[in-house]
Amino acid sequence: MDLLSALSLGELALSFSRVPLFPVFDLSYFIVSIIYLKYEPGSVELARRHPVASWLCAMLHCFGSYILADLLLGEPIIDYFSNSSSILLASAVWYLIFFCPLDLFYTCVCFLPVKLIFVAMKEVVRVRKIAVGIHHAHHHYHHGWFVMIATGWVKGSGVALLSNLEQLLRGVWKPETNEILHMSFPTKASLYGAILFTLQQTRWLPVSKASLIFIFTMFMVSCKVFLTATHSHSSPFDVLEGYICPVLFGAAWGGDHHHDNHGAPHGSGLGTQHSGLPAKAREELSEGSRKKKTKKAD
């Protein structure tokens, strides 16, 4: 039996799933996405010197998930840009956040109580995009579970997965910040949500789509609002992963990574990293390092 139906919340879930996203929820999505763009170092200077590049970065933040999903499904990646209303709305938000006199608009939307409302509304859009993406993929690949999961995942976190491309548009190259290597909470949650919605779409999860949208949206809103209010970058999944990953993969989740980067003395990093190399190779590497330091000193 459907849990929400048993609690007499089935009608609420159905009504919630039918709430239109444009323009109010989409506006909130654009505001939060472009605020995060402005947080990036050098983004304000980029907007002043290269406004076209800044605008393209803003469009990737707002529509990157649609572009990546279309790319996966073999559809025109520029197709979503035919939606002129959304493009104009996102462009207006970009202009106000970067060029409004005295930064009035940016100051207002970053006021914490207001920002929390926008963050909550953005998560409503995220969950709806995951559900729509999986439904779309199911239409093309009826038995393609992995295609459905991948499409729903990029629909929910495509902006983060395209972060390196967005950095290139800003003239920055940081491959070590790849989202696959360092998944944030929205990326992980979008992946888990895509799995749940795929199970529901293929009728392996006995719950209606409206109910699943309602439950998962409440989870995402609660977690993201809490993390934003507390300025935390942790993930609610960290505790569970800390127990499961050592069992499945035989190592502490992220423990070695942090130990290698922050636990060792500054002088021991080279020896630890290359301790497995032959002695001659280590000597050559040390010699090369000394030459580089000498050149820098000169």
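Ring geometry, Trp145 versus Trp204: the interplanar angle exceeds 60°, so the pair is classed perpendicular (tilted spans 30 to 60°).
Interatomic distance, His138 NE2 to Thr198 OG1, rounded to the nearest 0.5 Å: 9.5 Å. The distance from atom SG of Cys110 to atom CD1 of Ile35, rounded to the nearest 0.5 Å, is 4.0 Å. To the nearest 0.5 angstrom, Cys57 atom SG is 4.5 Å from Leu169 atom CG. Once rounded to the nearest 0.5 Å, the distance linking CG of Leu37 with CG of Leu46 reads 8.0 Å.
In the model, Gln201 has no side-chain atom that pairs as donor or acceptor with a side-chain atom of His142 under 3.5 Å. Between the side chains of Ser163 and Glu179, no donor-acceptor pair of N or O atoms lies under 3.5 Å. A donor-acceptor contact closer than 3.5 angstrom is absent between the side chains of Thr187 and Ser190. Checking Gln200 against Ser211 by side-chain atom types alone, no donor-acceptor pair falls below 3.5 Å.
For the pair Lys209 and Phe197, the cation-pi test (distance below 6.0 Å, angle within 45°) is failed. Remark: Lys122 qualifies as a cation-pi partner of Tyr29 under the 6.0 Å distance and 45° angle criteria applied to the six-membered ring. Relative to the six-membered ring of Tyr106, Lys38 meets both conditions, a distance below 6.0 Å and an angle of at most 45° to the axis.
Taking 4.5 Å as the limit, every side-chain heavy atom of Thr151 sits out of range of all side-chain heavy atoms of His140. Looking at heavy atoms from C-beta onward, Val225 lies out of side-chain contact with Ile117 at the 4.5 angstrom threshold. Side-chain contact check for Ile215 versus Phe219: every heavy-atom pair is 4.5 Å or farther apart. Between Phe185 and Met220, the closest side-chain pair of non-hydrogen atoms falls below 4.5 Å.
When ring centroids are compared, Phe99 and Trp94 come within the 6.0 Å threshold. Proximity of the aromatic rings of His139 and His135 is defined here by a centroid distance below 6.0 angstrom, and this criterion is not met. Taking the ring centroids of Tyr192 and Phe216, they lie at or beyond the 6.0 Å cut-off.
More than 12 heavy atoms of other residues, nucleotides or ligands lie within 6.0 Å of CZ in Phe105, so this atom counts as buried by the packing criterion. For CD1 of Ile78, the number of neighbouring non-hydrogen atoms (other residues, nucleotides, ligands) closer than 6.0 Å is 12 at most. Around atom CG of Leu89, more than 12 heavy atoms belonging to other residues, nucleotides or ligands sit under 6.0 Å away.
Salt-bridge annotation for Asp238 and Lys188: present, with a side-chain N of the basic residue lying under 4.0 Å from a carboxylate O of the acidic one. Salt-bridge annotation for Arg126 and Glu123: present, with a side-chain N of the basic residue lying under 4.0 Å from a carboxylate O of the acidic one. Using a 4.0 Å cut-off between charged side-chain N and carboxylate O, Arg170 and Glu166 make a salt bridge.
Under the rule for a ring-ring contact (aromatic ring centres under 6.0 Å, His included), Phe22 has no partner lying at least two apart in sequence or in another chain.
With His50 contributing its side chain and Glu45 its backbone, the two residues share no donor-acceptor pair below 3.5 Å.
Within the structure, every pair that satisfies the side chain to side chain donor-acceptor pair (under 3.5 Å) test and touches residues 57-66, not counting sequence neighbours, is listed here: Ser65-Lys129.
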